[in-house]
Amino acid sequence: MISVVVPARNEAGRVPTVLQNLGTLPVDHIILVANGSKDTTMQEVLQMRLPKLQIIYFHDCLGIDVPRAIGAKVAMALGSDVIAFVDGDMVGTFNENLMELVDGVLLKHLDIALTNCYPSPPRHIERYNPTFQWRHNLNKELGLDKKIGLATPAHGPHAVSRRLLETIPVRELAIPPVPLALARMHKLKIDVATTIPHYRLGSSIKNQIHTNRIIDTIVGDCLEAISVFQSQPRTRQHQNKTHLGYHSDRRFDLLDTFLENKQES
């Protein structure tokens, strides 16, 4: 069984395109985790009447990446063997690539099937983006840099196996680089399964303030993953700077409540 998890917050005008694309795929469930939307996202989704669609609705904003963990838990409860993740703003056409990710899990027995979003080295201006350095630092620490390059669960669609989610706490999916580190520690299979150049994702373009906070979030996530891999206390600090970004907005309280209730049901 194959499920696709789609987090969406204020994605009116974009998420219907994402869902329409996914609706043509041979998957069993499309799990939309709608959280904290103040626009017409929900109205647009409800008008679609997609037969495979399941909607998990939260009035409050869950924060970045937390919806992935929510969706993964629902997918597991549905009996899914493969869970793919596609952000609700990715309006690009890459259905064949999504099936390559699924096949990476089903046929190649990968536990994390990643997308290479940079088949060419990042352009000169992008090289100064700290996320590239820290993604490289993490992948090198994990001994994966030669195999997966700059690929990360934090960027682009990816898929995971049920075995991964039965091996590590589902809660950890809320900090995407951490499952990468934990999978490596448990000797699970990780590899790139498809290539989608970043521009083909069709992600929405945000302002510079948002971009800076995303950078800070990913740097902090990578630092946290490195500390986990080294069996050290978790830290998001480097050279006297703590990289929080959007991390402090992640609603682990709502996530924990959901996971506990799902466990009991």
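Residue numbers start at 1 and run along the sequence shown.
When all heavy atoms are compared, the tightest approach of Val5 to Ala72 is CG2-N, 4.0 Å. Nearest heavy atoms, Ala181 versus Ala225: CB-O, 3.5 Å. Closest non-hydrogen pair, Leu101 versus Leu114, comes out as CD2-O, 3.5 Å. For Arg9 against Ser37, the heavy-atom pair with the smallest separation is CA-OG, 3.4 Å. Smallest separation of non-hydrogen atoms from Glu11 and Asp39: N-OD2, 3.4 Å. In terms of heavy-atom proximity, Ala174 sits nearest to Asp65 at O-CB, 3.2 Å.
When side chains are defined from C-beta on, Val74 counts as touching Ile56, because their heavy atoms get closer than 4.5 Å. Using a 4.5 Å heavy-atom cutoff, the side chains of Arg236 and Leu244 are in contact. The shortest distance between side-chain heavy atoms of Leu144 and Arg184 falls below 4.5 Å. In this structure, Met42 and Ile55 have side chains that are in contact, with non-hydrogen atoms separated by less than 4.5 Å. Between Val228 and Met185 the shortest side-chain heavy-atom distance falls below 4.5 Å. Looking only at side-chain heavy atoms (C-beta outward), Pro197 and Pro119 come within less than 4.5 Å of each other. In this structure, the side chains of Leu22 and Leu53 stay at 4.5 Å or more apart for every pair of heavy atoms. The shortest distance between side-chain heavy atoms of Asp191 and Lys147 falls below 4.5 Å.
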Legend entry - Val33 vs Val6, side chain to side chain contact (heavy atoms under 4.5 Å, CB included): CA-CA, chis, key distance, verdict: CA-CA 6 Å; Val33 184; Val6 183; over 6 Å; no
Legend entry - Stepwise side chain to side chain contact (heavy atoms under 4.5 Å, CB included) test for Val178 and Asp221: CA-CA 7 Å; Val178 171; Asp221 289 356; over 6 Å; no
Inset, instruction - Kindly indicate, with the supporting measurements, whether the criterion side chain to side chain contact (heavy atoms under 4.5 Å, CB included) is fulfilled by Leu201 and Cys117. - result: CA-CA 9 Å; Leu201 295 175; Cys117 293; 4.1 Å; yes
Legend entry - Worked check of side chain to side chain contact (heavy atoms under 4.5 Å, CB included) between Ile218 and Ile215: CA-CA 5 Å; Ile218 293 173; Ile215 289 171; over 6 Å; no
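Remark: side-chain polar atoms of Arg234 are not paired, donor with acceptor, to backbone N or O of Glu224 under 3.5 angstrom. One N or O on the side chain of Thr235 and one on the backbone of Gln237 form a donor-acceptor pair closer than 3.5 Å. A side-chain donor-acceptor contact under 3.5 Å links Asp111 to the backbone of Lys189. A donor-acceptor contact shorter than 3.5 Å is absent between the side chain of Ser227 and the backbone of Gln232. Side-chain atoms of Thr115 do not come within 3.5 Å of backbone N or O of Gly156 as any donor-acceptor pair. The closest donor-acceptor contact from the side chain of Arg200 to the backbone of Gly92 lies at 3.5 Å or more, if one exists at all. The backbone N or O of Ile64 lies less than 3.5 Å from a partner atom in the side chain of Arg250, making a donor-acceptor pair. Asn97 places a side-chain N or O within donor-acceptor distance of the main-chain N or O of Thr195, the cut-off being under 3.5 Å. A distance-only check finds a donor-acceptor pair linking the side chain of Asn95 to the backbone of Asn21 [under 3.5 Å].
Residues Val192 and Val86 are members of separate hydrophobic clusters, defined by side-chain heavy-atom contacts under 4.5 angstrom among Ile, Leu, Val, Met, Phe, Trp and Tyr. Grouping the Ile, Leu, Val, Met, Phe, Trp and Tyr side chains by contacts below 4.5 angstrom, directly or via other members, places Tyr246 apart from Ile70. The hydrophobic cluster containing Ile112 does not contain Val82, counting ILVMFWY residues as joined when their side-chain heavy atoms lie under 4.5 angstrom apart, directly or transitively. Side-chain heavy atoms closer than 4.5 Å link hydrophobic residues (I, L, V, M, F, W, Y) into clusters, and following such links, possibly through other members, connects Val66 to Val160. No path of Ile, Leu, Val, Met, Phe, Trp and Tyr side chains, each step under 4.5 Å between heavy atoms, connects Ile30 with Leu78, placing them in separate hydrophobic clusters.
Using a 4.0 Å cut-off between charged nitrogen and carboxylate oxygen, Asp28 and Lys52 do not count as a salt-bridge pair. No salt bridge links Arg163 with Asp81; every basic N to acidic carboxylate O contact stays at or beyond 4.0 Å. Electrostatic pairing of Asp216 and Arg213 does not count as a salt bridge here, judged by no charged N lying under 4.0 Å from a carboxylate O. A salt bridge is absent between Lys73 and Glu172; no separation between the charged side-chain nitrogens and carboxylate oxygens falls under 4.0 Å.
Within 6.0 Å of CG in Leu107 there are more than 12 heavy atoms belonging to other residues, nucleotides or ligands. The number of heavy-atom neighbours closer than 6.0 Å to NZ of Lys38, taken from other residues, nucleotides and ligands shown, is above 12. Atom CD of Gln230 has more than 12 neighbouring heavy atoms from other residues, nucleotides or ligands inside a 6.0 Å radius.
To the nearest 0.5 Å, atom CG of residue Leu180 and atom CG of residue Asn139 are 6.0 Å apart. Met76 contributes atom CE, which lies 9.0 Å from atom CG of Leu164 (distance to the nearest 0.5 angstrom). Annotation: the span from Leu254 atom CG to Asp60 atom CG amounts to 5.5 Å, rounded to 0.5 Å. Taken to the nearest 0.5 Å, the CD1 atom of Ile83 stands 11.0 Å off from the CE atom of Met1. Note: Leu142 CG to Lys140 NZ = 12.5 Å, rounded to the nearest 0.5 Å. Put simply, CG on Leu182 and CD1 on Ile175 are 10.0 Å apart, with the number rounded to the nearest 0.5 Å.
Checked against Arg14 for a side chain to side chain contact (heavy atoms under 4.5 Å, CB included), the options Asp87, Val91, Leu19 give a single hit: Val91. Tested against His155, the residues Phe85, Phe132, Tyr118 include a single ring pair (Phe, Tyr, Trp, His ring centres under 6.0 Å) partner, Tyr118.
Aromatic ring centres of Trp134 and His243: separated by at least 6.0 Å.
A donor-acceptor pair shorter than 3.5 Å can be found between the side chains of Glu100 and Thr194. Glu141 and Asn137 share no donor-acceptor pair across their side chains, judged by distance under 3.5 Å alone.
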